[in-house]
Amino acid sequence: MTERPRLAVVGAGPAGLAAALAAAERGVRVTLVDAAEQAGGQFYRQPAAALGARRPQALHHQWRTWERLRAGLDRHRAAGRILHLTDHHVWCVARDPAAGVFGVHALRGPAQEEGVVVRADAVLLATGGYERVLPFPGWTLPGVVTAGGAQAMLKGGLVLPGRTAVVAGTGPLLLPVAGGLAAAGARVAALAESAGPAALLRQAPALAAQPGKLAEGAGYAARLLRHGVRVLTRCTVVAAHGTDRLEAVTVAALDRDGSLRPGSYRRIRCDTLAVGHGMLPHTDLAETLGCSLSGTAVRVDDEQRTDVPGVWAAGEATGIGGAALALAEGHIAGRSAAARLRGTAPDPRRWAAAGRARTRLREFAAALDAVYAPPAGWAERLPDETVVCRCEEVTAGEVRGAVDPLGAGDLRTVKLLSRAGMGWCQGRMCAPAVAGLTGCPLTAGRRPLARPVPLGVLAALPDTDTGLPETGDDLAEAEVGRTAAEVGHPVADAGPPETD
């Protein structure tokens, strides 16, 4: 009997779940590797079972879609078609061309000190995105969190980051964050959005093509109105104030050219500032494999294939677009990978509905990008003494000094001259700010390790080019912690999953 092909899916958010289900339904053994304790990613983040949440659906929309994904995952796990490895933090994906297999290297457990390797015939990267953080005076004070961080605390921990909050920055994420905090009992003193109504009107045709998305936004706006949240458009955070922790923020209105309007400054008392300026794709693993990028996102074809044979990518890693787009891309990627692994050319007509949804949602995402760009001139307004790289405590003045007078022309040279980006996060947090301050292109930096790895884990790797085991599946399963299971028989073509 021919052994069924193996697919490793990295990431159990909307894209990873859709891909894993589509591949498992078509006769592929799937190992779903994820850092969280439960599937769902950031969008479907679930509170810990010990918290005893009575109505977790109150923190989410598209809950029926999540229930279908969860039911599908449970069904395939019970049948042995999907092996779900939780609390596995992937730090590298390596390819062994001679053997034709991939090794997904991860650190297991909360301490991230035990190394494991998952072997697969192909890899599908659904690694999601991370928030873009733009600094301002006082942004390092306790009480200042990212918008996504505030949402994660609420969804995953059922806790409020504070009692009185200001939500600020730009992007569609601010609406559900402000609405969620208000519904959970926080007093949201203001939502300061740097984009204005005129920017929305300029993109009206593209936005109107997704009436469901517009209705969703209108629902959030109604919630804010119901809770008395003051919405300030064309407004930005100038500074955060406090001694030991956040006590207040200053916001100001923006003119058309991005300058601060004189006389518009206002100080708002709060103990929490949830701030965000959009998202960027997570591409570390793709870059290590040698996948090409398009801007800051992984480049893929119509099947969601990268230009590295045997590697697919889907979701925010290929461009920020939201959960519905991630579901469509994940479904297409899973079906394509399943067909290619079984030696057949996939038929795009079988995923025509998902393909049409992908096209529409990518156009919608491009329109949102045009609306919610970071405010012009923010870098010029940043005082020299403001810390930009928190890991290495590098200030805006030191970053600027790497360009003039030292002459740096790219982010890597700025890093070498100023140490901005040399710390624990390796520039993942400060790179957008450094690029804005210096005028250097925001290019992803290829790193061999996607996260810090204990030296003991590296020393224990086999003495081969890729670190992959060489003695067959028994050793591979042992390295996965002896949790690998034989899969059952293929199931019939169940068609694409429903999406809201």
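The figures here come from the full heavy-atom set of this structure, side chains too, leaving out hydrogens, waters and symmetry mates.
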- Task: First locate atom CZ of Arg226, then atom CZ of Arg223, and finally report the distance between them rounded to the nearest 0.5 Å.
- Result: 6.5 Å
- More than 12 heavy atoms from other groups under 6.0 Å of CG on Leu455: no
- Query: Once you round to the nearest 0.5 Å, how far does CZ of Arg187 lie from CG of Asp271?
  - Reply: 9.5 Å
- Classify the side-chain pair His76/Asp74 by whether it contains a donor and acceptor separated by less than 3.5 Å. no
- Message: Minimum heavy-atom separation for Trp312 and Ala333, please, with both atom names.
- Response: CD1-O, 3.9 Å
- Item | SB check Asp284 Arg428 (cutoff 4.0 Å) | yes
- Query: Val144 and Phe136: side chain to side chain contact (heavy atoms under 4.5 Å, CB included), yes or no, with the steps?
  - Reply: CA-CA 11 Å; Val144 180; Phe136 49 87; 4.3 Å; yes
- Please confirm whether the backbone N or O of Asp257 pairs with a side-chain atom of Asp255, one donor and one acceptor, at under 3.5 Å? no
- Query: Around atom CG of Asp244, are there more than 12 heavy atoms of other residues, nucleotides or ligands at under 6.0 Å?
  - Reply: no
- Item | Any Ile82 side-chain heavy atom under 4.5 Å of Leu21 side chain | yes
- Side-chain touch Leu32/Leu17, heavy atoms, less than 4.5 angstrom: yes
- Note on the structure: Distance col, row Thr86:OG1 vs His88:NE2, nearest 0.5 angstrom, shows 7.5 Å
- Message: Looking at Arg132 and His277, would you say the former's side chain and the latter's main chain have a donor-acceptor pair under 3.5 Å?
- Response: yes
- Task: Could you pull out the closest heavy-atom pair between Gly421 and Cys389, with the gap in Å?
- Result: N-SG, 3.5 Å
- Query: Does the pair Gln304 and Arg358 meet the rule for a side-chain hydrogen bond (donor to acceptor under 3.5 Å, both in side chains), with working shown?
  - Reply: CA-CA 11 Å; Gln304 300 295 137; Arg358 178 179 62 181; 2.9 Å; yes
- Item | From Gln38 atom CD to His84 atom NE2, the distance as rounded to the nearest 0.5 Å | 9.5 Å
- Residue pair Leu173 / Leu175, side-chain heavy-atom distance below 4.5 Å: no
- Task: Measure the shortest side-chain to side-chain distance between Ser264 and Leu254 over non-hydrogen atoms and say whether it is less than 4.5 angstrom.
- Result: no
- Side-chain touch Leu160/Leu181, heavy atoms, less than 4.5 angstrom: yes
- Side chains of Pro172 and Leu368: closer than 4.5 Å at any heavy-atom pair? yes
- Message: Measuring only between side-chain heavy atoms, which start at C-beta, is Val30 closer than 4.5 Å to Leu83?
- Response: no
- Item | Any side-chain donor near an acceptor of the partner, Glu329 and Thr318, under 3.5 Å | yes
- Task: Check whether any side-chain N or O of Glu193 sits under 3.5 Å from a backbone N or O of Gly171 as a donor-acceptor pair, and report yes or no.
- Result: yes
- Is Glu398 reaching over with its side chain to a backbone N or O of Thr395, donor-acceptor style, under 3.5 angstrom? yes
- Message: Quick one, Asp34 with Leu85, criterion side chain to side chain contact (heavy atoms under 4.5 Å, CB included). Give me CA distance, side-chain angles, the key distance, then yes/no.
- Response: CA-CA 6 Å; Asp34 191 55; Leu85 301 179; over 6 Å; no
- Query: Between Ala24 and Arg81, which heavy-atom pair has the shortest distance, and what is it?
  - Reply: O-CD, 3.8 Å
- Is a side-chain N or O of Ser418 found less than 3.5 angstrom from the main chain of Val414, in a donor-acceptor match? yes
- Message: Does this structure show an ion pair linking Asp384 with Arg400, if we count only N-O contacts that are shorter than 4.0 Å?
- Response: yes
- Task: Taking all non-hydrogen atoms of both residues into account, name the closest pair between Gly179 and Leu224 and its distance.
- Result: N-CD2, 3.6 Å
- Query: Take atom CD in Glu393; do more than 12 heavy atoms of anything else shown fall under 6.0 Å from it?
  - Reply: no
- Could you tell me whether Lys155 sits above the aromatic face of Phe43, with NZ or CZ closer than 6.0 angstrom to the six-membered ring centre and within 45 degrees of the axis? yes
- Task: Evaluate side chain to side chain contact (heavy atoms under 4.5 Å, CB included) for Leu7 paired with Val123, printing each intermediate quantity in order.
- Result: CA-CA 6 Å; Leu7 174 67; Val123 174; 5.7 Å; no
- Which pair of heavy atoms, one from Val399 and one from Ala420, lies closest together, and at what distance? CG2-CB, 4.1 Å
- Mind telling me whether Trp66 and Tyr44 have parallel, tilted or perpendicular rings, with 30° and 60° as the class edges? parallel
- Item | Nearest-0.5 Å distance, OH of residue Tyr265 to OG1 of residue Thr250 | 9.5 Å
- Query: Is the closest side-chain donor-acceptor distance between Gln426 and Arg451 under 3.5 Å?
  - Reply: no
- Query: When you measure from the side chain of Thr146 to the backbone N and O of Gly149, does any donor-acceptor pair fall under 3.5 Å?
  - Reply: yes
- What's the shortest heavy-atom distance between Pro135 and Ala433, and which atoms? CD-CB, 3.3 Å
- Query: Does the cation-pi check pass for Arg68 over Trp63, that is, NZ or CZ under 6.0 Å from the six-membered ring centre and within 45° of its axis?
  - Reply: no
- Query: Are the side chains of Val9 and Val33 in touch, meaning some heavy atoms are under 4.5 Å apart?
  - Reply: no
- Message: Counting only heavy atoms not in Arg245 (residues, nucleotides, ligands), do more than 12 fall under 6.0 Å from its CZ?
- Response: yes
- Straight-line distance of Leu442 CG to Thr296 OG1, nearest 0.5 Å: 6.5 Å
- Do the side chain of Glu131 and the main chain of Gly148 share a donor and acceptor less than 3.5 angstrom apart? yes
